[in-house]
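In the text below, chain A, chain B and the rest are named by the order of the sequence lines, each starting its count at 1.
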There are 2 protein chains.
Amino acid sequence: MSFKNHTFKLREEAILNATTAALVEHGFELMTMDDIASRVGISKPSLYKHFASREDLVAATMTRLIQQAIDELDSYPQNMPAIDQLRNLLGWAIDIRLKGGMPFLPSTRSSIRDMLLRNQAYVLSIMNMNQRLSTLVTQCQQDGSLNPELPVLVILYSYYARTCDPTVDYLLAYSGLDHASIRDHMITVSFAGLIPLNRSQPT
Amino acid sequence: MSFKNHTFKLREEAILNATTAALVEHGFELMTMDDIASRVGISKPSLYKHFASREDLVAATMTRLIQQAIDELDSYPQNMPAIDQLRNLLGWAIDIRLKGGMPFLPSTRSSIRDMLLRNQAYVLSIMNMNQRLSTLVTQCQQDGSLNPELPVLVILYSYYARTCDPTVDYLLAYSGLDHASIRDHMITVSFAGLIPLNRSQPT
DNA sequence: GTCTATAGCTGGATAGAC
DNA sequence: GTCTATCCAGCTATAGAC
């Protein structure tokens, strides 16, 4: 019984890993249950014993990723400045992308967003994440490390967007830059933008 | 003959418009030829008389969009500073998004990218666009309006990415900000980043 | 050149044997 | 709980009548 439970858990991990790989490779719309089953080495009905539908499977995969991000945040020292927490978490997310992993934000497509929002576990995890990040952003605006004139949501969504920025993929494919450089440039551009430092700038 | 040709052109415009709307609504993968035909009010075989395949249709739609961007660039006065040309073009692209139009960069998904790269007209237009933008970026780095320490490709891809930034969609859906504010914030964040102006900043 | 009708295929989901 | 085999829906693309 405990053994069965254990192997069940292990297989579930394998399924989520395979789904992550399939999502990265094909994207949500072209990800098929056949492909997942074949990657894991099980049959499709067995796959459906673990996840009742394709939607459930995708939502579970996204939920695990968000939980990993929250765990990453939790691993930072209590006294780390908020801006450094944001910087480090973005670096963590970009590293995942560079290693072939999945971005936070699955899509701007409303069909996918709506589908995920129907999944309770996913919604809970994303609300948790939003709460954590909003607090950090507000702290940064108060201590002057982020622009206090920008609405919180503008910063928050821009931050999320950088975790799924296609620039990473294009730089990987065409620039010849190594992973560390891509990571550093992405962080620089995300926080400091494209214009030179130490400027008084007209917007 | 000339009349037929004229209506043919008009219908082709209508097809491209319908495809744009379908791409915005459903995304590339879920865009169907049935849907396009029904939006235009013609039958599927007639649609295939205009475009030999779904891929051709999508490529033609993207090509038209890129050509419109080049036309926009061409409309700027010769003596407009390069940085203002970049700012204005980004504003133009975001306005299109806000009005329900399509972003430049269709996807980071390699299957779509590869498909488009097999289309000669598309490749030519995108090369033209890259050429124009690269020149502007280099000029800006020389006159100090863009950070000269960043590789050109980092700036170029980041710039493209802002034209398809999901932040626009999320701000539209959840922030309550009006179009002009969203547009202005997007431009500010793209060029100046998230940190306050007039800073000497560690990164 | 336009339509109706359909071929051919793929993928989500399941029935039923073991 | 796992498999093989299969159902059914929906899609691209085309044949063939007009």
Side-chain angles (χ1 to χ4, degrees), chain A residues 1-16 18-62 106-107 109 111-112 114-116 118-119, chain B residues 1-16 18-19 21-23 25-62 106-107 109 111-112 114-116 118-119:
Chain A
M1 191 62 185
S2 166
F3 171 72
K4 266 196 178 174
N5 231 301
H6 184 64
T7 59
F8 193 87
K9 269 283 179 225
L10 274 185
R11 173 168 290 184
E12 200 146 298
E13 282 296 309
I15 292 173
L16 291 180
T19 305
T20 300
L23 282 173
V24 169
E25 193 167 331
H26 303 296
F28 168 72
E29 294 88 350
L30 299 182
M31 177 208 100
T32 70
M33 298 299 267
D34 283 290
D35 182 39
I36 306 292
S38 129
R39 280 174 197 253
V40 180
I42 60 177
S43 70
K44 223 170 9 166
S46 301
L47 177 53
Y48 275 93
K49 292 292 180 195
H50 286 80
F51 297 95
S53 71
R54 184 169 172 276
E55 301 201 352
D56 277 357
L57 174 55
V58 173
T61 306
M62 292 302 304
S107 159
R109 190 76 59 253
S111 58
I112 304 182
D114 295 348
M115 184 266 285
L116 288 173
R118 283 194 294 272
N119 186 287
Chain B
M1 192 61 185
S2 166
F3 171 73
K4 266 195 178 173
N5 231 301
H6 184 63
T7 59
F8 193 86
K9 269 285 180 224
L10 273 186
R11 175 169 288 184
E12 199 146 299
E13 281 297 309
I15 292 173
L16 291 180
T19 306
L23 282 174
E25 193 167 333
H26 302 297
F28 168 73
E29 294 87 351
L30 300 183
M31 178 209 98
T32 70
M33 298 298 266
D34 282 290
D35 183 38
I36 306 291
S38 128
R39 280 174 196 254
V40 179
I42 59 175
S43 71
K44 226 172 5 169
S46 300
L47 178 53
Y48 276 93
K49 292 290 180 197
H50 286 81
F51 297 95
S53 69
R54 183 171 171 277
E55 301 200 352
D56 276 358
L57 175 54
V58 172
T61 306
M62 293 300 305
S107 162
R109 192 73 62 250
S111 57
I112 304 183
D114 294 349
M115 185 265 284
L116 288 173
R118 282 193 295 272
N119 185 288

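Taking 4.5 Å as the limit, every side-chain heavy atom of A/V58 sits out of range of all side-chain heavy atoms of A/N119.
Checking D/dT12, C/dT14, D/dT2 against the side-chain heavy atoms of A/K49 singles out D/dT2 as nearest. Of the candidate nucleotides C/dG12, D/dT12, C/dC3, D/dT12 has the atom nearest to the side chain of B/K44. Checking D/dC3, C/dC3, C/dG12 against every side-chain atom of B/S46, the shortest atom distance belongs to C/dC3.
For B/E12 and C/dT2, the CD to C1' distance is 16 Å, given to the nearest whole Å. Counting to the nearest Å, the P atom of D/dT12 and the NE2 atom of B/H50 are 18 Å from each other. For B/D34 and D/dG10, the CG to P distance is 11 Å, given to the nearest whole Å. A straight line from CD1 of B/I42 to P of C/dT4 spans 12 Å, rounded to a whole angstrom. Atoms CZ (B/R54) and C1' (D/dT14) sit 17 Å apart, rounded to a whole Å. Distance, B/F28 CZ to D/dC11 P: 14 Å, rounded to whole Å. Atom CD in B/E29 sits about 16 Å away from atom C1' in D/dT12, given to the nearest Å. Taking atom CD1 of B/I36 as the reference point, atom P of D/dT12 lies 9 Å away to the nearest angstrom.
Side chain of B/T19 to backbone of B/I15: a donor-acceptor contact under 3.5 angstrom is found.
Residue A/L30 is the one, among A/P45 and A/L30, whose nearest nucleotide of DNA chain C lies closer to the 5' end (criterion: closest heavy atom).
At the phosphate of C/dG1, neither OP1 nor OP2 sits under 4.0 Å from any side-chain N or O atom of B/R11.
B/R39 and B/E25 are joined by a salt bridge, as a carboxylate oxygen and a charged side-chain nitrogen come within less than 4.0 angstrom of each other. A salt bridge is absent between A/R118 and A/D114: the closest approach of a Lys/Arg side-chain nitrogen to an acidic carboxylate oxygen does not fall below 4.0 angstrom.
Within 4.0 Å of B/S43, counting heavy atoms only, lies at least one base atom of the nucleic acid.
With B/Y48 as the aromatic partner, B/R54 does not meet the cation-pi criteria of under 6.0 angstrom to the ring centre and within 45 degrees of the ring axis.
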